[in-house]
Amino acid sequence: MPTRGPADGEVPTAARPRAHPGHQPGAGELLELVRSGRATTRGALQEVTGLSRATVGQRLGRLFRAGWVREGAGGPVESPLGGRPAIRLEFDETHAVVLAAALETRHARAALLTLGGEILAERSGPLAVEDGPDAVLDALGGHFGELLRETGRPASTVCGIGLAVPGPVDTGTGRVVQPPIMPGWDGYDIRGRLRGAFAVHTDATGTRPAPIDAADLSAGAADLSALPVLVDNDANLMAYGEQHTHYPHCSAFALVKVSTGIGAGVVVDGSVYRGIDGGAGDIGHIRVPEGADALCRCGSYGCLAAVASGRAVARRLTEAGVPAASGSDVRALLEAGNPTALGFARDAGRHVGEVLATVVTLLNPGVLMIAGDLAGTAFLTGVRELLYQRALPRSTAHLDVVTSRLGDRAALIGAGTLVVEHLYAPERAEERLAALGA
């Protein structure tokens, strides 16, 4: 259960000034205190940072000029002797918007979000990653243009783009690395292409030029060359979105996505754990005894994904006379209550639960979330059955095993949140304020 946060304007113990000889907190650090709710009045900022009233006023002046912070309604009177209520400081979530997209193997979603994670407009529909990055990223650029026109917002209000993809990502470069189910994407410059497609589809006339080729995209990207584009694995971003939205006080959070493939995202102390090169959480390729003869899309035999993913369940269903081609087909059968699909989903859950017993023992998370096409009652029953049977009681004593709360929007919200947290982190905020001349 989440712990109670500090009252308005109250300075929590964890936010007391820390000893940094000679360090003067900048505007970016004050912004972080306001955004997190740890200090929401001028007096609280002075107490937390140790800065003088004049210096706090100067730092806040930069944030006011940038339009990032505003004054809200007065909070409770801080003195027992009465007086004027303290003016509450708020992060202004209306000064910019974020674009986000989530790719699956055969489907994509795109959305325009506020800085607070509210979805203002959304598009979804078929889009196959196997069609290659050129076609897919151009289509996403088209969706982004439609979203801006629908809401009447100019491209200049977009502060960044977030993209979730179904493969391992080197977040330093934004490129996918040897993705098993994304042919043609390995090492591709996703950031540059998506930035260019966005520029082309949001030209001044609001029309979509045709045809679009690489030269068009390069030319279109010039005006938006500095626009941040962040790319990450879909399970990572689903975990990030769910944890930030519904479990902010959970310091160790794990999410397992079971759709056409299987992947996991881990959030530790509010940050995604990616490993040294983005490979953390790729549990779909852990070998399991039951899959010794099952060929995985990665080329190996015996992977968990080869026996327990949506694709694997779809194959079993087809062999049993119930046609299914993908995780989404399995999902439809599960929602319809097909008994064969329910039985196979429970079997798949047992396989995943056996692997998760090791994951839980290693990470000791407070929340283990099951998400994706198979994340229904039957699958969850199978997971719990093997997880609690194989894991040590000490590892599961304080564990909540739950299903997704954000549903199909988890990756979108996670991608948007990633952009916001990146852009308004203290050091990055200082750089942006300097570039704005604030």
Side-chain angles (χ1 to χ4, degrees), residues 2 5 14-15 25-40 63 66-69 89-102 111-120 157-165 169-174 191 194 226-255 265-275 278 280-281 367 405-406 409-433 435-436:
E29 287 166 286
L30 266 62
L31 176 66
E32 182 180 38
L33 290 169
V34 171
R35 288 186 62 227
S36 66
R38 288 183 289 163
T40 58
L63 299 173
W68 295 1
V69 169
L89 301 169
E90 302 174 344
F91 178 58
D92 189 346
E93 298 177 348
T94 66
H95 73 267
V97 290
V98 175
L99 285 165
L112 182 69
L113 302 93
T114 68
L115 299 181
E118 177 188 355
I119 293 180
L120 300 173
T157 62
V158 177
C159 64
I161 298 173
L163 175 64
V165 297
V169 176
D170 178 346
T171 55
T173 64
R191 290 176 176 173
L194 185 55
L227 183 69
V229 177
L230 303 184
V231 185
D232 206 340
N233 171 261
D234 55 357
N236 284 347
L237 291 179
M238 291 171 71
Y240 197 60
E242 295 275 8
Q243 191 271 338
H244 272 250
T245 303
H246 292 295
Y247 299 92
H249 299 287
C250 180
S251 61
F253 178 96
L255 177 144
V266 177
V267 180
V268 177
D269 292 334
S271 298
V272 176
Y273 178 74
R274 301 184 177 90
V367 175
R405 297 182 63 177
L406 295 177
R409 291 176 165 176
L412 284 179
I413 293 174
T417 302
L418 186 72
V419 171
V420 174
E421 294 302 316
H422 168 74
L423 291 180
Y424 296 94
E427 290 186 8
R428 180 62 174 152
E430 290 285 356
E431 295 173 0
R432 295 177 63 218
L433 287 169
L436 290 171

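We use all heavy atoms of the structure for the numbers below, so side chains are in, but hydrogens, waters and symmetry mates are not. Heads up: numbering here begins at 1 and tracks the sequence. From a predicted model like this one, the values you see are computed outputs, not experimental measurements.
- With values rounded to the nearest 0.5 angstrom, Leu418 atom CG is found 9.5 Å from Asn236 atom CG.
- Looking at heavy atoms from C-beta onward, His244 lies in side-chain contact with Glu421 at the 4.5 angstrom threshold.
- Contact of the His246 side chain with the Leu406 side chain is registered, since non-hydrogen atoms from C-beta on lie closer than 4.5 Å.
- For the pair Arg405/Thr245, no side-chain contact is recorded, criterion being any heavy-atom separation below 4.5 Å from C-beta on.
- A distance of 10.5 Å separates CG in Leu255 from OH in Tyr247, rounded to the nearest 0.5 Å.
- The minimum heavy-atom distance between Leu412 and Ala101, with the atom names listed, is CD2-CA, 3.7 Å.
- In this structure a side-chain-to-backbone donor-acceptor pair under 3.5 Å is missing from Glu430 to Glu427.
- Taking CG from Asp92 and OG1 from Thr114, the interatomic distance works out to 11.0 Å, rounded to the nearest 0.5 Å.
- Exactly one residue among Leu89, Val69, Val34 makes a side chain to side chain contact (heavy atoms under 4.5 Å, CB included) with Leu63. That residue is Val69.
- Between Pro228 and Arg428 the shortest side-chain heavy-atom distance falls below 4.5 Å.
- Judged by distance alone, with hydrogens and angles left aside, the side-chain atoms of Glu242 form no donor-acceptor pair with the main-chain N or O of Ala410 at under 3.5 Å.
- Closest heavy-atom contact between Leu433 and Ala27: CD1-CB, 3.7 Å.
- The minimum heavy-atom distance between Leu237 and Ala411, with the atom names listed, is CB-O, 4.0 Å.
- Between Leu230 atom CG and Thr417 atom OG1 the span is 11.5 Å, to the nearest 0.5 Å.
- Within 6.0 Å of atom OH in Tyr424, more than 12 heavy atoms from other residues, nucleotides or ligands are found, so the atom counts as buried in its surroundings.
- Taking the side chain as every heavy atom from C-beta outward, Cys159 and Leu115 approach each other to under 4.5 Å.
- Nearest heavy-atom pair, Leu227 versus Gly160, reported as atom, atom and distance to 0.1 Å: CD1-N, 3.8 Å.
- Electrostatic pairing of Arg35 and Glu32 does not count as a salt bridge here, judged by no charged N lying under 4.0 Å from a carboxylate O.
- Shown here for Arg432 and Leu423, the closest heavy-atom pair between the two residues is NH1-O, 3.3 Å.
- Residues His422 and Tyr240 keep their aromatic ring centres 6.0 Å or farther apart.
- Taking CZ of Arg274 as the start and CG of Asp232 as the end, the distance is 4.5 Å to the nearest 0.5 Å.
- Rounding to the nearest 0.5 Å gives a distance of 10.0 Å between CG of Leu99 and CG of Leu120.
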